[in-house]
Protein chains: 2
Amino acid sequence: MTKIKTPVVRNALPLNEILAGDCIEVMNSLPEGSVDLIFADPPYNLQLRGDLHRPDNSKVDAVDDAWDQFGSFAHYDQFTRDWLAAARRILKPNGAIWVIGSYHNVFRMGAELQNQGFWILNDVVWRKSNPMPNFRGKRLTNAHETLIWASKAEGAKYTFNYEALKSLNEGIQMRSDWVIPICNGGERLKDENGDKAHPTQKPEALLHRLIVGTTNPGDVVLDPFFGTGTSGAVAKMLGRDFIGIEREEAYREVAQKRLSKIRKFDREALEVSTSKRSEPRVPFGQLVERGMLRPGEELFSMNGRHKVKVRADGTLIGDDVKGSIHQVGAHLEGAPSCNGWTYWTFKRDGKQVPIDLLRQQIRAEMT
Amino acid sequence: MTKIKTPVVRNALPLNEILAGDCIEVMNSLPEGSVDLIFADPPYNLQLRGDLHRPDNSKVDAVDDAWDQFGSFAHYDQFTRDWLAAARRILKPNGAIWVIGSYHNVFRMGAELQNQGFWILNDVVWRKSNPMPNFRGKRLTNAHETLIWASKAEGAKYTFNYEALKSLNEGIQMRSDWVIPICNGGERLKDENGDKAHPTQKPEALLHRLIVGTTNPGDVVLDPFFGTGTSGAVAKMLGRDFIGIEREEAYREVAQKRLSKIRKFDREALEVSTSKRSEPRVPFGQLVERGMLRPGEELFSMNGRHKVKVRADGTLIGDDVKGSIHQVGAHLEGAPSCNGWTYWTFKRDGKQVPIDLLRQQIRAEMT
DNA sequence: CTTCCAACTGAATCCGTTA
DNA sequence: TTAACGGATTCAGTTGGAA
């Protein structure tokens, strides 16, 4: 898949920097449709500032008022609406967003994503291998957080590196539950007192999987709640550009220091497994043109049940059917579709050989 | 925790019956504050576009029933508001609710639970050990569903059998992620044609854990979307009373037949399904994601004859070969297969260390 | 009576390019 | 914009018949 780059817009973007300020204001100052991926880990313990109003503008008074809960949610929802709208504006049409949260806030984020027209692709469970136990024994150990992956709109062409994720999972399709330890040990950033520099630093392994799986090298990854910059650090390692936005100076400083030490992996290591879909298309007719198969030569179905003849124009003809290798295969099998390349075989030296072997020969010549 | 019983109310309840009709109307006809637990598995509002075929061309039997069709999010939200309000009214002050859903609907349910004053206690992930794969390779395998457990209000004294769940989990605190297979085999109810009687029958193991953990014997468990009655069947086995509400006559009949065969304390059948523990599979890619090995780092074969580089997706690249640790090892040795875990080593402090050591570290964390 | 293999199945928002 | 068409894509498990 080739990406259309728009140099003017790209150059206007402040790449690989940490921008100071309120993320909504900063995002609104960036050009529309300019970012490939947004990763957002928003706070959910918002302090209520100033007067709080219900949607009908009546004021919410007492804190322990029955409406307090509603009021808090209304406030949080407004915040969520605003930053998601700002994020959506700067996303490229084929861009995507990841958000992460716990049950305190993730349901409201998910609903608002849908309300704004984002199209949810998966929800992903980060299953912590070493969570904090529930000390009081009053609930289940809260051993996971939830991520939501969504495209900008229904039908958009999002990036998904299927084969790379399959490789990361030793040849089996990547699932929606990811087992990853929480961030501690040497990876956990400390301040000058030896205390953790940020309360919710995310593990690099989580970002690694997400960035490898849903971006390409050279993409722009923006994080509106940058914190200590895990998303930026992993993006940089993986040869992506990042944009961080962070309000707190202390976090910006920690993140800046961290990023200065990061080195990009070499190009060869960043190439990942690709799917067959990205290989060049070879028309079946080329096999005939090149004399690899002769007009009139017989092809046999893989299961041995059918026999057809090759025609000079690269179509096949059977007893009651003619058409492309795919159409004839589908018709004979009564199937909705058929991959003719793997369905048909020809005879060489008495052995049955799949015609896909000939396609591979042509592709090898094309390199 | 002792429960105050109110015999008058209890006697008014139609216990251990399946009530016909719309669940909102039926719930509104029941006495206020009379039910201990509600389990709800409402329609998910899947929005499926066309047909889906497996790679072998067989057609996926989709959930396309009329009861899962809603015109818009607004319609679905109204439906959710109404049934949740009806459910909340009939709940005892110290009662609780469980709802289950997927990313299509669970965020809207979770937000509405909070809006109505329910207090979320945990969200629980049902991790399916055998989910349906993603056949087109366009997204992650949707391998889980989400449950939300909530009390009627903040501060309510909900039931939580901490020790019972701990016992179910081999003496370790029960976590918020539960690994349970989907319902198939003998447990899956069939109609007279041998087809599945209900498209979304839930496994009894899921309900077993939930009812053991959050109710006491003698409690009343109500299910407004009864379907084939899994909640009722497990409640009956475990000595709880149930109330089922179901609109479709066909489902009521199947459920009634099922329930007539259930005997209380028929425990042994359930005990059979205890886990057979084997060593968890660790994909090599996890070592890369977690930074135990870096993309670009060199691995050396045990015999010292070969050197390769690690890529970001957990594959290896050598002079003329790339693939998994096993594939590359086999290729270089000209062997039909190769255990990459014992074949490859990396250098640490000048010494050669087998990569299997890193796998052992991860496994130790997973216990 | 086993063992083996082919066929089948499960809450799924599941294609991309060219004419 | 729509229609046609090339061709890529699956994991864990159960069932039932054959060997």
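Hydrogens, waters and symmetry mates play no part in the numbers below; they use all other heavy atoms, side chains included. So you know, we letter chains A, B, ... as the sequences are listed, proteins then strands, and number each from 1.
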| note | B/Ile182 atom CD1 is separated from C/dA12 atom P, nearest whole Å, by 9 Å
| field | Gap in Å between the two P atoms, one belonging to C/dC14 and one to D/dA12, rounded | value | 23 Å
| query | Which part of the nucleic acid, if any, lies within reach of B/Pro131 when heavy atoms closer than 4.0 Å are counted: base, sugar-phosphate only, or nothing? | reply | base
| message | Below the 4.0 Å mark, does D/dC11 have OP1 or OP2 next to a side-chain nitrogen or oxygen of B/Lys128? | response | no
| Separation of A/Leu165 atom CG from D/dC11 atom P, in whole Å? | 13 Å
| Residue whose closest nucleotide on DNA chain C lies nearer the 5' end, B/His198 versus B/Asn134 | B/His198
| message | Just to be sure I understand the rule, does B/Asp68 reach a base, reach only the sugar-phosphate, or reach nothing, if contact means heavy atoms closer than 4.0 Å? | response | base
| task | Name the nucleic acid region contacted by A/Arg175, choosing base, sugar-phosphate or nothing; use a 4.0 angstrom heavy-atom cut-off, strictly under. | result | nothing
| message | Quick test of the criterion, 5.5 Å between centres and less than 30° between planes. Is B/Tyr44 stacked on C/dA11 or not? | response | yes
| message | If you assign each of A/Pro283 and A/Gln173 to its closest nucleotide in DNA chain D, which residue comes earlier from the 5' end? | response | A/Pro283
| task | Would you kindly give the NZ-to-C1' distance between A/Lys157 and C/dC15, to the nearest whole Å? | result | 9 Å
| message | Mind checking if A/Thr342 touches a base, just sugar-phosphate, or nothing, with heavy atoms under 4.0 Å? | response | nothing
| request: Taking only the side-chain nitrogens and oxygens of B/Ser58, find out if one of them lies under 4.0 Å from OP1 or OP2 of C/dC8. | output: no
| task | Classify the side chain of B/Arg139 and the base of C/dT13 as holding, or not holding, a donor-acceptor pair under 3.5 Å. | result | yes
| task | Select one nucleotide: of C/dC14, D/dG7, C/dA11, the one nearest the side-chain heavy atoms of B/Leu52. | result | C/dC14
| If you look at every strand shown and take non-hydrogen atoms under 4.0 Å, does A/Asp123 touch a base, only sugar-phosphate, or nothing? | nothing
| Considering only side-chain heavy atoms of B/Tyr103, which listed nucleotide, C/dT13, C/dA12, D/dT9, is closest? | C/dT13
| Side-chain donor/acceptor of B/Asn134 to backbone N/O of B/Gly137, under 3.5 Å | yes
| message | I need the CG-P distance between B/Leu140 and C/dT13, as an integer number of Å. | response | 11 Å
| said: Once you apply a heavy-atom cut-off of 4.0 Å, does B/Ser102 come out as touching a base, just sugar-phosphate, or nothing? | reply: nothing
| Under 4.0 angstrom, heavy atoms only, what part of the nucleic acid is B/Pro42 near: base, sugar-phosphate, or nothing? | base
| query | Where the side chain of A/Ile172 is defined as all heavy atoms beyond and including C-beta, which of C/dA11, D/dA12, D/dT10 is the nearest nucleotide? | reply | D/dA12
| Do A/Arg127 and A/Asp177 sit within salt-bridge range, that is, some charged N less than 4.0 Å from a carboxylate O? | no
| query | Taking the chi torsion of C/dT13, is it syn (within 90° of 0) or anti (everything else)? | reply | syn
| query | Looking only at atom C1', what distance separates C/dA7 and D/dT10, rounded to whole Å? | reply | 15 Å
| remark: One should read off an interatomic distance between B/Tyr103 OH and A/Leu121 CG, to the nearest 0.5 angstrom, of 7.5 Å
| query | NA contact type, B/Cys183, heavy-atom cut-off 4.0 Å: base, sugar-phosphate, or nothing? | reply | nothing
| request: Report the residue from B/Phe70, B/Tyr44, B/Phe73 that forms a ring-ring contact (aromatic ring centres under 6.0 Å, His included) with B/Phe79. | output: B/Phe70
| Are OP1 or OP2 of D/dG7 and a side-chain N or O of A/His326 less than 4.0 angstrom apart? | yes
| message | Can you confirm whether or not the ring centre of A/Tyr158 sits under 6.0 Å from the ring centre of A/Trp119? | response | no
| query | If you count the non-hydrogen atoms of other residues, nucleotides and ligands that lie under 6.0 Å from NZ in B/Lys196, is the total more than 12? | reply | yes
| task | From the options C/dC14, D/dT10, D/dG7, select the nucleotide whose nearest atom is closest to the side chain of A/Tyr162. | result | D/dT10
| Passes ring-ring contact (aromatic ring centres under 6.0 Å, His included), A/Trp149 versus A/Phe118? Steps please. | CA-CA 9 Å; A/Trp149 175 40; A/Phe118 286 100; over 10 Å; no
| request: Have a look at B/Gly186 and say if it touches a base, only the backbone sugar-phosphate, or nothing, with a 4.0 Å heavy-atom cut-off. | output: sugar-phosphate
| request: Select base, sugar-phosphate, or nothing to describe what A/Val282 touches, counting heavy atoms under 4.0 Å on all strands. | output: sugar-phosphate
| task | Pick base, sugar-phosphate or nothing for B/Ser129, based on heavy-atom distances below 4.0 Å to the nucleic acid. | result | sugar-phosphate
| hbond_proxy B/Arg54 side chain to C/dG10 base (donor-acceptor, 3.5 Å cutoff) | yes
| note | Rounded to whole Å, the CZ-P distance (B/Phe135 to C/dC14) equals 13 Å
| message | Can a donor-acceptor pair be found, under 3.5 Å and without considering hydrogens, that links the side chain of A/Ser176 to the backbone of B/Ala143? | response | yes
| query | Between C/dC14, D/dA8, C/dA11, which nucleotide gets closest to the side-chain atoms of A/Arg277? | reply | D/dA8
| note | The residue, B/Asn130 or B/Asn142, whose nearest nucleotide of DNA chain C is more 5′ is B/Asn130
| query | With stacking defined as ring centroids separated by under 5.5 Å and planes differing by under 30°, is A/Trp119 stacked against C/dT13? | reply | yes
| message | Roughly how many Å apart are D/dG17 and C/dC1, using the P atom of each and rounding to a whole number? | response | 16 Å
| query | Which nucleotide sits closest to the side chain of B/Pro133: D/dC11, C/dA11, D/dG6? | reply | D/dC11
| field | Pair assignment for C/dT3, Watson-Crick or G-U wobble, requiring both distances under 3.5 Å | value | D/dA18
| request: Rounded to whole angstrom, note down the C1' distance from D/dT15 over to C/dA11. | output: 23 Å
| Does B/Lys196 put a side-chain nitrogen or oxygen below 4.0 Å from OP1 or OP2 of C/dG10? | yes
| field | Nearest-angstrom distance from the residue atom NZ of B/Lys59 to P of C/dG10 | value | 12 Å
| query | What is the base-pairing partner of D/dC11, counting Watson-Crick and G-U wobble geometry with both distances under 3.5 Å? | reply | C/dG10
| Residue mapping more 5' on DNA chain D - nearest nucleotide basis, B/His53 or A/Ser324 | A/Ser324
| remark: A/Asn94 CG to C/dG16 C1', in whole Å, measures 13 Å
| query | Does the ring centre of B/Tyr251 sit less than 6.0 Å away from the ring centre of B/His198? | reply | yes
| Nucleotide C/dT9, atom P - distance to NZ of B/Lys190 in whole Å | 9 Å
| Separation of the C1' atoms in D/dT9 and C/dA12, to the nearest angstrom | 14 Å
| message | Once you apply a heavy-atom cut-off of 4.0 Å, does A/Gln327 come out as touching a base, just sugar-phosphate, or nothing? | response | sugar-phosphate
| G-U wobble or Watson-Crick pairing nucleotide for D/dG6 (cut-off 3.5 Å, both distances) | C/dC15
| said: Ring centres under 6.0 Å, that's the criterion: do A/Trp126 and A/Trp178 meet it? | reply: no
| Between C/dA11, D/dT9, C/dT13, which one does the side chain of A/Gln114 approach most closely? | C/dT13
| query | Would you say a side-chain N or O of B/Arg188 is under 4.0 Å from OP1 or OP2 of C/dA11? | reply | yes
| said: Any side-chain N or O of B/Lys202 below 4.0 angstrom from OP1/OP2 of C/dA11? | reply: no
